[in-house]
Amino acid sequence: MVKIFVGGVSPSVTVDELKKLFEQYGQVNECDILKNFAFVHMEKEDEAHKAISKLHKQEFYGANLTVEYATSKIRNTTKIYVGNVSSKATTAQIKELFEKFGKVVECDIVKNYAFVHMAKEREAMDAILNLNDMPLEDQKIFVTLSKNLGFLLGMLPPPI
């Protein structure tokens, strides 16, 4: 999977609209908009490269997009979904919790949930078993293996 950074996203753009734009070039596994930027995860390297080359500096909903590879390409990691994340929680706090069980390759908070990528599956499973239902700030977090949860969260249509 290839993670793409998209800058200059117009505030009127929805996740579905941005996803459709990138789907012209290949399979999109995830798409998250955060303020005026987004991360799009595409399945194949060649499709991601094509999307980047075609969409960089293109106008979309009145704004010129910056489309480039995200600074880290995550490969061969186990991805964990962390739900019910308090607005008071920080990425550093979540990373610190998971690092007790093994190497954290990447950690991103998106709205009230987060994704943690761990280097080893066994360590990720230990983290899931031990951290699910643990209090973080003022809420108990929900921790599970990540699937394409966008459709469950109402952000994406259900997979076909």
task: State, with a plain yes or no, whether a side-chain heavy atom of Cys31 is found less than 4.5 Å away from one of Phe22.
output: no
message: Donor-acceptor pair, distance only, cut-off 3.5 Å: does the side chain of Asn132 make one with the backbone of Val143?
response: yes
- request: Taking all non-hydrogen atoms of both residues into account, name the closest pair between Met42 and Ala51 and its distance.
  value: SD-CB, 3.8 Å
query: What are the two closest non-hydrogen atoms of Ala63 and Gly8, and how far apart are they?
result: CB-O, 3.2 Å
- line: Thr14 meets the side chain to side chain donor-acceptor pair (under 3.5 Å) criterion, sequence neighbours left out, with Glu17
task: May I ask you to test the Leu55-Leu21 pair for a side-chain heavy-atom distance under 4.5 Å?
output: yes
field: Closest non-hydrogen atom pair, Ile109 against Ala89
entry: CD1-O, 3.7 Å
message: Please give me the minimum heavy-atom distance between Asp138 and Ser86, naming the atom from each residue.
response: OD1-OG, 2.7 Å
message: Holding to salt bridge (charged side-chain N to carboxylate O under 4.0 Å, His left out), I want the full list of residues that pass it with Lys57, two or more places apart in sequence or in another chain.
response: none
field: Gln139-Asn84 side chain donor-acceptor pair, cut-off 3.5 Å
entry: yes
message: Taking the six-membered ring for Trp, are Tyr69 and Phe5 closer than 6.0 Å centroid to centroid?
response: no
message: I'd like to know whether CD of Glu121 has more than 12 heavy-atom contacts from other residues, nucleotides or ligands below 6.0 angstrom.
response: no
field: More than 12 heavy atoms from other groups under 6.0 Å of CD on Glu68
entry: yes
Backbone of Thr66 reached by a side-chain donor or acceptor of His56 within 3.5 Å: no
message: Between Thr144 and Ile80, is there a side-chain heavy-atom distance shorter than 4.5 Å?
response: no
Glu43 side-chain N/O to Gly26 backbone N/O, donor-acceptor pair under 3.5 Å: no
- prompt: What pair of heavy atoms forms the shortest contact from Phe39 to Lys3, and how long is it?
  reply: CD2-CE, 3.3 Å
- prompt: Quick one: does NZ or CZ of Lys50 land under 6.0 Å from the six-membered ring centre of Tyr25, within 45 degrees of the ring axis?
  reply: no
